[in-house]
Amino acid sequence: MTSLPQQERSYGLDQVIAELQERLDRYEQTNVALAQQVEHLQTRLLAPNRFRWDVIDKVTDYFRGAQIKGDYLEFGVYQGETFAYACNVIGRENPEMRFVALDSFEGLPQPKKGIDESGGYSGGFFEGQFSCNETQFKENLKLRNVDLARVTTIKGWYDQTLQPGHVQSSPIQTVAFAWIDCDLYESTVPVLDYLTSRLTVGSVMLFDDWRCFRNLSDFGQQRACREWLARNPQIKLNLLIDNDYHGYVFSVAAC
């Protein structure tokens with residue numbers, strides 16, 4: 001039996017090692033991809049915010065048929081998790097939509113007694129809650145691969161930043177989707193007044209805190225919305241989605 005020359009044996013072994021290394025590299029890439037998919041599914045299906053992702057997915061489906069023009073405005077963005085998901089999901093199918101984040105970036109104001117606080121109860125809300133500075137908010141969006149060229153941030157309290165003539169908020173003409181997550185009655189009132197002339201038939205209004213304050217209609221966003229509709233009888237809302245344990249989603253039927 002004739003043995004292979006040393007050089008040929010070495011070449012053959014090097015080739016086998018190279019092929020094995022290539023396979024290992026492919027397996028590693030596959031494992032990384034699978035780990036990312038598992039992480040995504042855990043976040044999407046098991047995380048506390050899964051109801052938020054559900055509603056964004058459903059509104060994205062709604063927009064396919066409704067064909068609503070306008071921008072996405074989120075009032076109360078905290079660390080940007082919901083905002084980023086909306087940018088990436090709704091933005092993918094609506095390339096002309098702009099995304100506007102409106103927040104004090106200092107947390108909530110002090111709930112006022114008799115308005116957003118009664119008998120020591122304020123729905124669990126307190127001054128400074130949900131504070132995240134503007135710089136950190138934008139960094140969080142970058143980490144979630146949001147196209148910042150489509151994002152505008154408007155910093156400040158709503159009774160100031162939503163006034164007529166404000167350099168950033170006034171030019172916005174049409175709102176396709178308003179995510180109203182400002183928690184308190186006092187904060188919701190100027191938001192609704194601002195939206196009044198910017199809604200169109202089919203626009204979506206999500207009240208993230210509709211059932212806060214023990215689901216009592218005389219407090220929080222339910223009260224703010226009822227009074228707003230009384231001031232603007234031309235506006236009619238239809239229930240679109242019963243969101244999570246707190247939220248309610250309407251579409252605009254007339255404005």
Side-chain angles (χ1 to χ4, degrees), residues 52 55-77 82-83 86-87 89-91 93-103 150 152 154 156-212 217-244 246-255:
R52 290 169 176 257
V55 78
I56 290 172
D57 291 343
K58 289 176 181 178
V59 172
T60 302
D61 286 342
Y62 165 79
F63 279 150
R64 290 191 186 109
Q67 300 179 355
I68 305 300
K69 301 293 184 181
D71 298 322
Y72 173 94
L73 274 64
E74 188 169 321
F75 301 88
V77 295
T82 301
F83 188 86
C87 289
V89 175
I90 301 177
E93 297 197 15
N94 299 272
E96 296 181 0
M97 183 176 285
R98 296 175 299 174
F99 294 82
V100 185
L102 302 98
D103 201 294
R150 298 176 66 180
T152 299
I154 301 180
W157 304 108
Y158 298 139
D159 59 356
Q160 299 172 16
T161 60
L162 300 180
Q163 287 295 323
H166 188 274
V167 66
Q168 288 181 290
S169 65
S170 290
I172 297 172
Q173 295 182 350
T174 307
V175 177
F177 190 169
W179 190 299
I180 307 169
D181 190 8
C182 45
D183 307 307
L184 305 174
Y185 165 87
E186 186 181 19
S187 300
T188 304
V189 169
V191 169
L192 293 177
D193 287 341
Y194 170 79
L195 291 172
T196 302
S197 63
R198 292 172 171 83
L199 298 172
T200 185
V201 172
S203 292
V204 174
M205 301 180 70
L206 184 151
F207 292 87
D208 192 84
D209 308 289
W210 187 263
R211 295 186 180 93
C212 292
S217 61
D218 289 334
F219 292 89
Q221 293 191 328
Q222 291 191 46
R223 173 183 169 184
C225 184
R226 184 183 69 249
E227 293 176 352
W228 173 65
L229 291 175
R231 292 195 303 273
N232 298 279
Q234 77 281 8
I235 296 177
K236 306 296 181 185
L237 302 180
N238 287 338
L239 175 64
L240 182 64
I241 303 167
D242 187 350
N243 189 18
D244 60 9
H246 282 159
Y248 231 53
V249 189
F250 299 93
S251 60
V252 177
C255 55

**Q** Compare all side-chain heavy atoms of L102 with those of L162 and state whether any distance is below 4.5 angstrom.
**A**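 Yes; the side chains approach each other to less than 4.5 Å.
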**Q** State the NZ-CD1 distance between K58 and I56, to the nearest 0.5 angstrom.
**A**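 Answer for the NZ-CD1 pair, K58 versus I56, is 12.5 Å.
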**Q** Check the angle between the aromatic planes of Y72 and F99 and answer parallel, tilted or perpendicular using the 30° and 60° thresholds.
**A**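 Aromatic pair Y72/F99 classed tilted.
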**Q** For the atom pair NZ (K69) and OG1 (T200), what is the distance rounded to the nearest 0.5 Å?
**A**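 One finds 11.5 Å between NZ of K69 and OG1 of T200.
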**Q** Checking R223 side chain against Y185 main chain: does a donor-acceptor pair fall under 3.5 Å?
**A**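 Looks like no, no N/O pair under 3.5 Å.
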**Q** If you look at every heavy atom in I90 and M97, which pair is closest and at what distance?
**A**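 Looking at all heavy atoms of both residues, the shortest contact is CG2-SD, 3.6 Å.
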**Q** With the side chain counted from C-beta on, respond yes when H166 and Y194 share a heavy-atom pair under 4.5 Å apart, and no when they do not.
**A**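 No, their side chains stay 4.5 Å or more apart.
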**Q** Run the salt-bridge test on D71 and R198 with the 4.0 Å N-O cut-off and return the result as yes or no.
**A**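 Result for this pair is no, no salt bridge flagged.
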**Q** Look up atom CD in Q234 and atom CG in L199, then write down how far apart they are to the nearest 0.5 Å.
**A**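 With rounding to 0.5 Å, CD (Q234) is 9.5 Å from CG (L199).
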**Q** Do you know which two heavy atoms are closest between F75 and A178, and how far apart they sit?
**A**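 Closest heavy-atom pair between F75 and A178: CE1-CB, 4.2 Å.
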**Q** Quick one, V204 and I68 - any side-chain contact, counting heavy atoms below 4.5 Å?
**A**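 No - every pair of side-chain heavy atoms lies 4.5 Å or more apart.
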**Q** Is the shortest heavy-atom distance from the side chain of D218 to the side chain of R226 under 4.5 Å?
**A**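 Contact flag for D218/R226 side chains = yes.
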**Q** With side chains defined as the heavy atoms from C-beta onward, is the minimum distance between Y62 and V249 less than 4.5 Å?
**A**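 Contact flag for Y62/V249 side chains = no.
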**Q** Could you check whether any side-chain N or O of T174 sits under 3.5 Å from a backbone N or O of G70, counting only pairs where one atom can act as donor and the other as acceptor?
**A**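 Checking the backbone N and O of G70 against the side chain of T174, no donor-acceptor pair under 3.5 Å is found.
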**Q** Got a donor-acceptor contact below 3.5 angstrom from the W210 side chain to the Y248 backbone?
**A**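 Here the side-chain-to-backbone pair does not exist.
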**Q** Report yes or no: does E93 contribute a side-chain atom to a donor-acceptor pair with the main-chain N or O of F63 at less than 3.5 Å?
**A**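 Not confirmed, E93 side chain does not pair with F63 backbone.
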**Q** Quick one: does V100's side chain get under 4.5 Å of Q168's, heavy atoms only?
**A**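 A side-chain contact under 4.5 Å is absent here.
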**Q** Has S203 got a side-chain atom pairing as donor or acceptor with V175's backbone, closer than 3.5 angstrom?
**A**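 Yes.
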**Q** Between N238 and A253, is there a donor-acceptor pair closer than 3.5 Å when you use the side chain of the first and the backbone of the second?
**A**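 Between the backbone of A253 and the side chain of N238 there is no qualifying donor-acceptor contact (under 3.5 Å).
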**Q** Measure the CD1-CG distance between I172 and L73 for me, rounded to the nearest 0.5 Å.
**A**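 One gets 4.5 Å once the value is rounded to the nearest 0.5 Å.
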**Q** What I'd like to find out is whether the side chain of L206 reaches to under 4.5 Å of the side chain of I241, using heavy atoms alone.
**A**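 No, side chains not in contact.
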**Q** Checking the side chain of S169 only, and the main-chain atoms of T161 only, is there a donor and an acceptor separated by less than 3.5 Å?
**A**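 Indeed, once roles are kept as given, a pair shorter than 3.5 Å links the two residues.
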**Q** In terms of side-chain heavy atoms, does T196 have a donor or acceptor partner in W228 at a distance below 3.5 Å?
**A**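 A donor-acceptor contact under 3.5 Å links the two side chains.
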**Q** Is there a donor-acceptor pair under 3.5 Å between the side chain of Y158 and the backbone N or O of V189?
**A**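 Here the side-chain-to-backbone pair does not exist.
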**Q** If you define the side chain from C-beta out and look only at heavy atoms, does anything of D209 sit under 4.5 Å from D181?
**A**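 Yes - at least one pair of side-chain heavy atoms lies under 4.5 Å apart.
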**Q** Distance from F177 atom CZ to M205 atom CE, nearest 0.5 Å?
**A**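 One finds 11.0 Å between CZ of F177 and CE of M205.
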**Q** Any side-chain to backbone donor/acceptor pair from Q163 onto D159? Under 3.5 Å, distance only.
**A**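 Yes; at least one donor-acceptor contact below 3.5 Å.
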